[in-house]
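Each remark here refers to the structure printed beneath this line.
One is the number of the first residue; the rest follow in order along the sequence.
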Amino acid sequence: MKGSRLLKVLAFFQMLSDPGQREIERVVDASQEAQKILDGRVPRNTLSNALKHRDLDQMIGAWMMILQYYSPYIEKMGRKYARIAAVDASLIKLSLAAFSWATYREKTGAAKITCVLDWVKGVPEQFVFTASGKIHDLKATAALKWSAGWTYLFDRGYFSFDLLTTLLNVGAHFVIRLKRGVEYRIIRSNPIPNMKLPAGIRAIKLDQTVSLSGWASDVILRLVVYQLTDGKIIRVLTSRHDLSALSITMLYKERWSIEKWWRWLKRIYKVKEPLGRNENALPLQMVAAFVTDLVLRAFKHSGGFKGALYDFVKTCREIALIPISGVIGPMRQALAAAAVSLELLEASP
């Protein structure tokens, strides 16, 4: 099966109400329109072989091409000039009986996906698949690429001198929660002006310039300590000296954007129900989910669809097997754009 066809089949799978290879085969067999779109029937053995042997890098390349193609639409949806990304991993729980390669706990299996989420665009720009869910989150960061001028948001599980040094060496910034027990030296305490605090923040307690014990003495960082309304104390370490303490506090809060995105992806798209049982199938399916989410966001924006993204996706699922000619208004415009993008994808090398 050609890579472009596999991507269309997997995106089609995301638009079906029921999961499974059997459901894909049944729906396509019953619909001439689906067979026309997907270049014929989709037998289960053909799909299984494609999921087992298709090169993941090729699928990622297609995702990057689509991301580049729709960048003009996506940029209009976000804030200009902000180069911020949240980094986090999420577990995909799997049955060890069916997926023996997904080692995690003694009786349960899981794979791990680490993503770098572009905060402005709301879409992932990188991801790393780890077959074993028990591998530490930090290990996946070795395969990620960091960009100068960007600020990366991390939870404390990513705290590592090696990672932070790598970021600083490429000219990137970080905002990360400080681990307990990490020693530091206070260089100076900065004044905290009176200000109106956002919901959820009771007080900003400290704003200090610090250096970490055991690290190079010329690495000067910033430590901001704030208190939540429930009394919990949060300590955030950053290389950003140009921002106010409140801005640093708000940046760390934005780390939750990737948590919300993960919940959205798992709730809306079929990433917890692998089509194939081999180790290669799940990351292929994840990339297809990224592509589906990306194009639906772009179609919603370019088609002028009013309402929430969830409503748009739900509507698309309801009319997934209706010819474009039978759809009216902005939805037809959005779906027509989808057809053009798939033609471009198929015509690419």
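The shortest distance between side-chain heavy atoms of N280 and L51 does not fall below 4.5 Å. Counting heavy atoms from C-beta outward, D137 and T114 have side chains that stay 4.5 Å or more apart. At a threshold of 4.5 Å between non-hydrogen side-chain atoms, the residues L206 and L223 do not count as touching. Residues L246 and P198 form a side-chain contact, since some pair of their non-hydrogen atoms from C-beta on lies under 4.5 Å apart. D118 places a side-chain heavy atom less than 4.5 Å from the side chain of W150. Looking at T141 and W146, their side chains come closer than 4.5 Å, going by heavy atoms from C-beta outward. Side chains of L7 and M59 form a contact here, defined as non-hydrogen atoms less than 4.5 Å apart. Between W119 and E254, some side-chain heavy-atom pair lies under the 4.5 Å cut-off.
G157 approaches H136 most closely through the heavy-atom pair O-CE1, 3.3 Å. When all heavy atoms of L94 and A102 are compared, the pair lying nearest together is CD1-CB, 3.8 Å. Nearest heavy-atom pair across T249 and V224 is OG1-CG1, 3.7 Å. Of all non-hydrogen atoms in A148 and R83, the two that sit nearest each other are O-NH1, 3.9 Å. Nearest heavy-atom pair, A131 versus E279, reported as atom, atom and distance to 0.1 Å: CB-OE2, 3.3 Å. Considering every non-hydrogen atom in both M1 and V9, the closest pair reads SD-CG2, 4.4 Å.
Note that CG of L237 is 10.0 Å distant from OH of Y184, once rounded to the nearest 0.5 Å. The CH2 atom of W256 sits 13.0 Å away from atom CG of L153, with the distance rounded to the nearest 0.5 Å. From K253, atom NZ reaches atom OH of Y226 across 7.5 Å, with rounding to the nearest 0.5 Å. The distance from the NE2 atom of H173 to the NE2 atom of H241 is 9.0 Å, given to the nearest 0.5 Å. The distance from the CG atom of L96 to the OH atom of Y104 is 11.5 Å, given to the nearest 0.5 Å. Distance check: I176 CD1 to T238 OG1 gives 10.0 Å after rounding to the nearest 0.5 Å.
Linking ILVMFWY side-chain heavy atoms closer than 4.5 Å, directly or via other members, places I113 and F99 in a single hydrophobic cluster. Under the 4.5 Å side-chain heavy-atom criterion for ILVMFWY residues, a single connected hydrophobic cluster contains both F159 and V219. Note on L251: it does not cluster hydrophobically with V87, by side-chain heavy-atom contacts below 4.5 Å among ILVMFWY residues. Hydrophobic clustering of Ile, Leu, Val, Met, Phe, Trp and Tyr side chains at less than 4.5 Å, counting indirect connections, keeps W261 apart from L91. Using a 4.5 Å cut-off between side-chain heavy atoms of Ile, Leu, Val, Met, Phe, Trp and Tyr, with links allowed through other members, V291 and I37 fall into the same hydrophobic cluster.
Atom NZ of K266 has more than 12 neighbouring heavy atoms from other residues, nucleotides or ligands inside a 6.0 Å radius. Other residues, nucleotides and ligands contribute over 12 non-hydrogen atoms within 6.0 Å of the CZ atom of R177.
Side chain of K205 to main chain of Q227: no donor-acceptor pair is present (N/O by atom type, distance under 3.5 Å, no hydrogens or angles). Judged by distance alone, the side chain of K270 and the main-chain N or O of L275 form no donor-acceptor pair under 3.5 Å. Within the 3.5 Å criterion, the main-chain N or O of K179 finds a donor-acceptor partner in the side chain of R235. Here the side chain of S132 pairs a donor or acceptor atom with the backbone of T103 at under 3.5 angstrom. Of the possible polar contacts, one joining the T166 side chain to the D162 backbone as a donor-acceptor pair under 3.5 Å is found. Counting only distance, with no hydrogens or angles, the side chain of Q126 and the backbone of K145 share a donor-acceptor pair below 3.5 Å. Although no hydrogens or angles enter the test, the distance criterion places no donor-acceptor pair under 3.5 Å between the side chain of W101 and the main chain of A111. A donor-acceptor pair under 3.5 Å links the side-chain atoms of N49 to the main chain of N45, judged by distance alone.
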>> Using the rule given for side chain to side chain contact (heavy atoms under 4.5 Å, CB included), can you reason through K121 versus L294, listing the C-alpha separation, both sets of side-chain angles and the distance that settles it, and then say yes or no?
In response: CA-CA 10 Å; K121 298 176 181 177; L294 168 65; over 6 Å; no
>> I'd like to know whether R44 forms a side chain to side chain contact (heavy atoms under 4.5 Å, CB included) with L47, so could you lay out the CA-CA distance, the side-chain angles of the two residues, the decisive distance to 0.1 Å, and finally the verdict.
In response: CA-CA 5 Å; R44 275 180 287 164; L47 180 55; 5.8 Å; no
>> side chain to side chain contact (heavy atoms under 4.5 Å, CB included) for K93 and T108? Distances and angles first, verdict last.
In response: CA-CA 8 Å; K93 296 293 184 66; T108 58; 5.8 Å; no
>> Assess the residue pair W63 and I60 against the criterion (side chain to side chain contact (heavy atoms under 4.5 Å, CB included)); give the C-alpha distance rounded to whole Å, side-chain angles, the decisive distance to 0.1 Å, and a yes or no.
In response: CA-CA 5 Å; W63 167 37; I60 292 175; 4.1 Å; yes
> Going through the distances and angles, do T165 and W215 end up as a side-chain hydrogen bond (donor to acceptor under 3.5 Å, both in side chains)?
Replying inline: CA-CA 9 Å; T165 299; W215 208 4; 3.1 Å; yes
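The residue from W264, Y269, F127 that alone fulfils the ring-ring contact (aromatic ring centres under 6.0 Å, His included) condition with F290 is F127. Each of T209, D207, D242 was compared with R222 under the side chain to side chain donor-acceptor pair (under 3.5 Å) criterion, and only D207 meets it.
For F174, the ring pair (Phe, Tyr, Trp, His ring centres under 6.0 Å) criterion is met by no residue, not counting sequence neighbours.
D39 has no carboxylate O lying under 4.0 Å from a charged side-chain N of K2, or vice versa, which leaves the two without a salt bridge. The pair R22-E25 does not count as a salt bridge, with every side-chain nitrogen at least 4.0 angstrom from each carboxylate oxygen.
Using the six-membered ring where Trp is involved, Y152 and F154 have ring planes that are tilted, between 30° and 60° apart.
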